Amino acid sequence: MSQNLPLAGRIAVVTGASSGIGEATARKLAEQGAAVALLARRKDRLQALAEGIRAAGGRALALAVDARDRTAVADAARSIAAELGTVDLVVNNAGVMLPSGVEEHRVADFEQMIDLNVTGVMRVVDAFVDPLVAAAGKGGPSDLINISSIAAHGVFATFAVYCATKAAVTHLSRNLRAELGPKRVRVSVVEPGFVDTELQGHMTDEKAKAWIASAKQQITWLTADDLANTIAFTAGLPRHVNLSHVTVMPTEQV
Ligand code: NDP
């Protein structure tokens with residue numbers, strides 16, 4: 001791998017790397033020279049991605065981790081430190097979107113969204129904040145990039161819990177920036193509009209599915225690569241520049 005690449009020498013972690021935005025981002029960060037740790041539950045997909053990155057000359061480590069499991073996340077952080085080194089770039093991306101009306105009482109879905117999208121994001125912060133601060137202290141760039149959504153600001157019937165989880169991620173990021181920015185860790189929150197990934201495929205609510213299908217016909221959605229490019233650009237900026245709040249929209253989405 002060339003030392004001239006923008007992210008050469010960086011050690012990255014991407015959660016939710018088995019599909020969509022996380023997979024595309026992991027591939028892009030590796031292309032730009034970073035060593036990448038790939039976290040998600042589907043190990044076969046992570047291994048295939050890691051093999052592809054290695055075949056292209058990069059460094060990758062695949063770790064099957066459920067971000068709802070605090071011990072598994074902490075164990076992964078220890079394995080990454082031992083095998084790749086001090087993490088200086090975290091893309092905190094794993095998330096689920098399971099809309100349903102409150103009167104349907106799908107409490108398990110509410111719990112899954114809150115446990116992954118909010119508590120899971122904080123488990124990952126907890127596991128990697130020490131290396132991020134250490135890396136910043138050594139004089140290099142250090143990034144915590146949290147993936148929220150424009151849903152953080154939206155009001156959509158049946159999406160109340162998802163929107164609330166993303167509002168939490170956005171506000172969490174602003175507050176973490178106040179704490180970590182003075183230590184030279186850049187905290188960024190990325191809020192995409194519609195991105196063509198597996199995310200919507202997990203929905204079961206018929207009205208929500210119809211709304212999404214119609215939106216897909218009407219406008220050109222973002223691709224996972226569009227987000228990967230934005231995230232890699234954010235991480236590749238000079239150390240004193242923090243793109244702290246990034247909204248990425250399909251041009252036609254209002
Ligand atoms: P995908 O469904 O393609 O990716 C979600 C990723 O999260 C997968 O890799 C999945 O892997 C992982 N994941 C799910 N549950 C867990 C878990 N319990 N532990 C660890 N990893 C888990 O969707 P996207 O790429 O679209 O989503 C990525 C992020 O982008 C999410 O936070 C989403 O909210 C956000 N976003 C997406 C938008 C869109 O329109 N697609 C718009 C705005 C924001 P696995 O199943 O293998 O564990």
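In this text, all values refer to a predicted model and were calculated from it rather than measured experimentally. Here, residue 1 is the first one in the sequence, and each next residue gets the next number. Atoms within each ligand, like the ligands themselves, are counted from 1 in listed order.
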- Item | side chain to side chain contact (heavy atoms under 4.5 Å, CB included) evaluation trace for Q253 with I150 | CA-CA 11 Å; Q253 185 180 354; I150 53 143; 3.4 Å; yes
- atom 9 (O) of ligand 1 has as its nearest protein heavy atom S18 OG, 2.8 Å
- Item | Residue-ligand contact S148/ligand 1, heavy atom below 4.0 Å | yes
- Query: Hey, is D126 close enough to R123 for a salt bridge, meaning N to O under 4.0 Å?
  - Reply: no
- Message: Checking a contact table here: which protein heavy atom is nearest atom 37 (C) of ligand 1, and how many Å away?
- Response: L199 CD2, 3.6 Å
- Query: What residue and atom, counting heavy atoms only, is the protein's closest point to atom 24 (P) of ligand 1, and at what distance?
  - Reply: T197 OG1, 3.4 Å
- Task: State plainly whether the residues E23 and R45 are in salt-bridge range, i.e. N to O under 4.0 Å.
- Result: yes
- Query: Relative to the heavy atoms of A17, which atoms of ligand 1 are at a distance of less than 4.0 Å?
  - Reply: 9 (O)
- Query: Salt bridge between K216 and D196, side-chain N to carboxylate O under 4.0 Å?
  - Reply: yes
- For G193, the atoms of ligand 1 under 4.0 Å from one of its heavy atoms are 40 (O), 42 (C), 43 (C)
- Query: Hey, are E31 and R27 close enough for a salt bridge, meaning a charged N less than 4.0 Å from a carboxylate O?
  - Reply: no
- Can you find a pair of side-chain heavy atoms, one from T71 and one from D75, that are under 4.5 Å apart? yes
- Which of the ligand 1 atoms, numbered from 1, are nearer than 4.0 Å to a heavy atom of V65: 19 (N), 20 (C)
- Query: Just going by heavy-atom distances, which of V73, N93, L39, I147 is nearest to atom 31 (C) of ligand 1?
  - Reply: N93
- Message: Once ring pair (Phe, Tyr, Trp, His ring centres under 6.0 Å) is applied, what residue pairs with a partner in residues 106-156 remain, sequence neighbours excluded?
- Response: F156-W211
- Message: Which of the numbered atoms in ligand 1 are under 4.0 angstrom from any heavy atom belonging to A94?
- Response: 7 (O), 21 (N), 22 (C), 32 (O)
- State the CG-CG distance between L46 and L39, to the nearest 0.5 angstrom. 7.5 Å
- Item | Heavy-atom side-chain proximity of V133 to L180 below 4.5 angstrom | yes
- Please could you name the atoms of ligand 1 that G95 approaches to less than 4.0 Å, counting only its heavy atoms? 5 (C), 7 (O), 31 (C), 32 (O)
- Query: Relative to the heavy atoms of K166, which atoms of ligand 1 are at a distance of less than 4.0 Å?
  - Reply: 31 (C), 32 (O), 33 (C), 34 (O)
- Is the closest basic N to carboxylate O distance between D44 and R42 below 4.0 Å? no
- Task: In plain terms, say whether D88 and K138 are close enough for a salt bridge, that is, a side-chain N and a carboxylate O under 4.0 Å apart.
- Result: no
- Note on the structure: Quick note on ligand 1: atoms under 4.0 Å from a heavy atom of E198 include exactly 2 (O), 3 (O)
- In terms of residue, atom name and distance, what is the protein heavy atom nearest to atom 4 (O) of ligand 1? S19 OG, 3.2 Å
- Would a 4.5 Å heavy-atom cut-off, applied to side chains only, mark L144 and N92 as touching? yes
- Message: If you measure every N or O of I21 against every N or O of ligand 1, does any of those distances drop under 3.5 Å?
- Response: yes
- Message: I want to know if ligand 1 touches S149 in the polar sense, i.e. an N/O pair below 3.5 angstrom.
- Response: no
- Query: Any idea which of G16, A40, A67, A215 brings a heavy atom closest to atom 7 (O) of ligand 1?
  - Reply: G16
- Message: To check your reading of the model: name the closest protein heavy atom to atom 18 (N) of ligand 1, its residue, and the distance in Å.
- Response: D66 OD1, 2.8 Å
- Query: Run the side-chain hydrogen bond (donor to acceptor under 3.5 Å, both in side chains) check on T170 and S148 step by step: do they pass?
  - Reply: CA-CA 6 Å; T170 291; S148 178; 2.8 Å; yes
- Starting from atom 40 (O) of ligand 1, find the nearest protein heavy-atom neighbour and note its residue, name and distance. V195 N, 2.8 Å
- Query: Are Y162 and ligand 1 in contact, using a heavy-atom cut-off of under 4.0 Å?
  - Reply: yes
- Message: Pairs of nitrogen or oxygen atoms closer than 3.5 Å, one from V96 and one from ligand 1: do any exist?
- Response: no
- Query: At a 4.0 Å cut-off, with the gap strictly under it, does some heavy atom of E23 reach an atom of ligand 1?
  - Reply: no
- Task: Check if L116 has a non-hydrogen atom at a distance under 4.0 Å from any atom of ligand 1.
- Result: yes
- Item | Ligand-side contact atoms (ligand 1) for residue partner Q200, heavy atom cut-off under 4.0 Å | 39 (C), 40 (O), 41 (N)
- Task: Let me see the working for Q200 and T197 under side chain to side chain contact (heavy atoms under 4.5 Å, CB included), right down to the final yes or no.
- Result: CA-CA 7 Å; Q200 301 82 13; T197 67; 4.0 Å; yes
- Message: Strictly below 4.0 Å, N to O, side chains only: are R68 and D115 in salt-bridge contact?
- Response: no
- Does some non-hydrogen atom of M97 fall short of 4.0 Å from ligand 1? no
- Item | Residue, atom name and distance, where the atom is the protein heavy atom closest to atom 46 (O) of ligand 1 | R41 NH2, 2.9 Å
